[in-house]
Amino acid sequence: MRLADKVALITGAGAGQGREASVLFAAEGAKVAVADINRAAADETTAQVRAAGGEAIAVECDVARPDANERMVAAVVARWGRLHIFYANAGIVDRQPDGGDIGLEKIALETWHRILTVNLTGAFLGCRYAIPEIVKSGGGSVILTGSVGSLVAHRAGNHAYVTSKTALLGLARNLAVEYAQKNVRVNCLCPGQIRTAMMADFYDDPVRRQRFEELTPMGRFGEAREIANAALFLASDESSFMTGTALVVDGGWTAV
């Protein structure tokens with residue numbers, strides 16, 4: 001097992017990529033703290049982990065709040081006494097109700113602040129409380145969830161989302177340098193278009209789905225399990241000489 005005797009904390013784990021990673025990490029031997037703003041969703045993921053024979057706890061957390069992040073990490077340490085892996089996966093996207101992109105002149109300032117607060121500040125706050133515990137535990141891995149938007153511009157709007165994800169890559173690099181001598185690796189996982197609830201309004205619409213598939217050289221959406229597999233690599237000792245970089249899993253999106 002690649003994560004035997006490790007303790008992992010995953011935010012945004014109530015669905016999608018976070019849920020897949022929770023189940024996979026547990027299958028690989030980790031004890032998993034399932035954190036999500038939606039407690040019912042976190043409970044459901046936790047139940048799936050336990051049903052598969054894994055060990056997990058559910059933690060309700062709004063990553064935009066400093067006190068919530070502090071309590072989240074404290075709950076993990078109170079349960080298991082240590083922390084080795086922090087996967088900052090929680091995130092939101094700026095879209096209109098019909099699923100369309102929001103351009104520069106249409107995005108509300110409140111939306112801009114909310115996207116950056118959840119996606120960027122939320123990851124920063126999680127790291128602020130999680131990394132010291134990882135250091136105390138002898139080191140480990142931090143995974144920040146970026147995007148292809150961390151590396152290339154979006155083709156239409158989504159300015160707040162792309163800005164937040166670009167900044168996350170910068171945060172990963174800086175933290176990697178700061179904590180390299182303390183045996184903590186920090187990397188940015190950058191998915192392409194993945195078939196999750198967040199992308200349902202695109203995947204379920206044949207016209208929109210075709211547009212995204214045509215922009216992806218592999219001609220399809222990725223699956224949440226494929227991102228979880230990449231996260232497992234970053235969480236495990238298999239990536240022991242890898243820090244401060246972006247791991248891109250995008251079906252060739254950024255290669256074009």
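No hydrogens, no waters, no symmetry mates; every other heavy atom, side chains included, goes into these values. Numbering starts at 1 and runs along the sequence shown.
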Exercise for the section: Over all heavy atoms of both residues, which pair between Arg50 and Ile57 is shortest? Give the atoms and the distance, please. Expected result: NH2-CA, 4.1 Å
Problem - Tyr87 and Phe25 aromatic ring geometry - parallel, tilted or perpendicular at 30°/60° bounds - result: parallel
Practice task
Determine whether Asp67 and Arg71 make a side-chain contact, defined as any pair of heavy atoms from C-beta on separated by less than 4.5 Å.
Solution key: yes
Handout entry: In one Ile/Leu/Val/Met/Phe/Trp/Tyr side-chain cluster, 4.5 Å: Val93, Val249
Key = no
Completion exercise
Hits for side chain to side chain contact (heavy atoms under 4.5 Å, CB included) against Arg185, two or more places apart or cross-chain, chain-then-number order -> Ser141, Asn187, Ser239, Thr243
Practice task
Report yes if the side chains of Leu9 and Glu133 come closer than 4.5 Å at any heavy-atom pair, otherwise no.
Solution key: no
Problem - Glu223: salt bridge (Lys or Arg N to Asp or Glu O under 4.0 Å) partners, not counting sequence neighbours - result: Arg195
Problem - Check ion pair Arg211-Glu214 (N to O, under 4.0 angstrom) - result: no
Handout entry: Exam field: side chain Asn38 to backbone Ala41, donor-acceptor pair closer than 3.5 Å
Key = yes
Problem - Atom pair CG/CZ of Leu116 and Phe124 - distance to nearest 0.5 Å - result: 13.5 Å
Handout entry: Short N-O contact, Lys6 and Glu28, less than 4.0 angstrom
Key = no
Practice task
Looking only at non-hydrogen atoms, find the nearest pair between Thr145 and Lys165 and report the distance.
Solution key: O-NZ, 2.8 Å
Practice task
For Asp5, look at atom CG and say whether over 12 heavy atoms of other residues, nucleotides or ligands are found less than 6.0 Å away.
Solution key: no
Practice task
Find out whether Ile115 and Ile92 are in side-chain contact, i.e. whether some heavy atom of one side chain is under 4.5 Å from a heavy atom of the other.
Solution key: yes
Problem - Min side-chain heavy-atom separation Leu83-Lys136 under 4.5 Å - result: no
Practice task
Write down the atom of Ala56, the atom of Thr46, and the distance for their closest heavy-atom approach.
Solution key: O-CG2, 3.6 Å
Practice task
Check whether Val135 and Val142 end up in the same hydrophobic cluster, where Ile, Leu, Val, Met, Phe, Trp and Tyr are linked by side-chain heavy atoms less than 4.5 Å apart.
Solution key: yes
Handout entry: Phe233 vs Arg2, side chain to side chain contact (heavy atoms under 4.5 Å, CB included): CA-CA, chis, key distance, verdict
Key = CA-CA 9 Å; Phe233 168 71; Arg2 287 179 278 181; 5.8 Å; no
Exercise for the section: Flag the pair Val256 / Pro217 as yes when at least one side-chain heavy-atom distance between them is below 4.5 Å, and no otherwise. Expected result: yes
Fill in the blank from the handout: Heavy-atom closest pair (Ala246 atom, Leu151 atom, distance to 0.1 Å) is CB-CD2, 4.4 Å
Fill in the blank from the handout: Closest non-hydrogen contact found for Leu120 with Ala167 is CD2-CB, 3.6 Å
Practice task
May I ask whether Leu171 and Ile143 are part of the same hydrophobic cluster, defined by side-chain heavy atoms of I, L, V, M, F, W, Y residues being less than 4.5 angstrom apart, directly or through others?
Solution key: no
Practice task
Take atom CZ of Arg39 as the centre, draw a 6.0 Å sphere, and report whether it contains more than 12 heavy atoms from other residues, nucleotides or ligands.
Solution key: yes
Handout entry: Check: Gly14 main-chain N/O paired with Arg19 side-chain donor or acceptor under 3.5 Å
Key = yes
Problem - Flag, side chain of Ser137 to backbone of Arg82, donor-acceptor distance under 3.5 Å - result: no
Problem - Hydrophobic cluster identity match, Tyr129 and Trp80, side-chain contacts under 4.5 Å - result: yes
Problem - Residues Trp253, Val248; criterion side chain to side chain contact (heavy atoms under 4.5 Å, CB included); working and verdict - result: CA-CA 9 Å; Trp253 181 282; Val248 184; over 6 Å; no
Handout entry: Joint cluster assignment, Ile227 & Ile85, ILVMFWY side-chain distance < 4.5 Å
Key = yes
Practice task
Show your working on side chain to side chain contact (heavy atoms under 4.5 Å, CB included) between Val63 and Leu125 and close with a plain yes or no.
Solution key: CA-CA 7 Å; Val63 299; Leu125 290 170; over 6 Å; no
Practice task
Take Thr216 and Arg220, measure what side chain to side chain contact (heavy atoms under 4.5 Å, CB included) needs, and give me the verdict at the end.
Solution key: CA-CA 7 Å; Thr216 303; Arg220 65 174 177 86; over 6 Å; no
Handout entry: Nearest-0.5 Å distance that lies between atom CG in Asp36 and atom OG1 in Thr45
Key = 7.0 Å
Handout entry: Student check: side-chain heavy atoms of Cys127 and Leu144 closer than 4.5 Å
Key = yes
Problem - Considering all heavy atoms, the nearest Leu168-Ala123 contact - result: CD2-CB, 3.5 Å
Handout entry: Close side-chain approach of Ile131 and Phe86, heavy atoms under 4.5 Å
Key = no
Handout entry: Min side-chain heavy-atom separation Leu189-Gln17 under 4.5 Å
Key = no
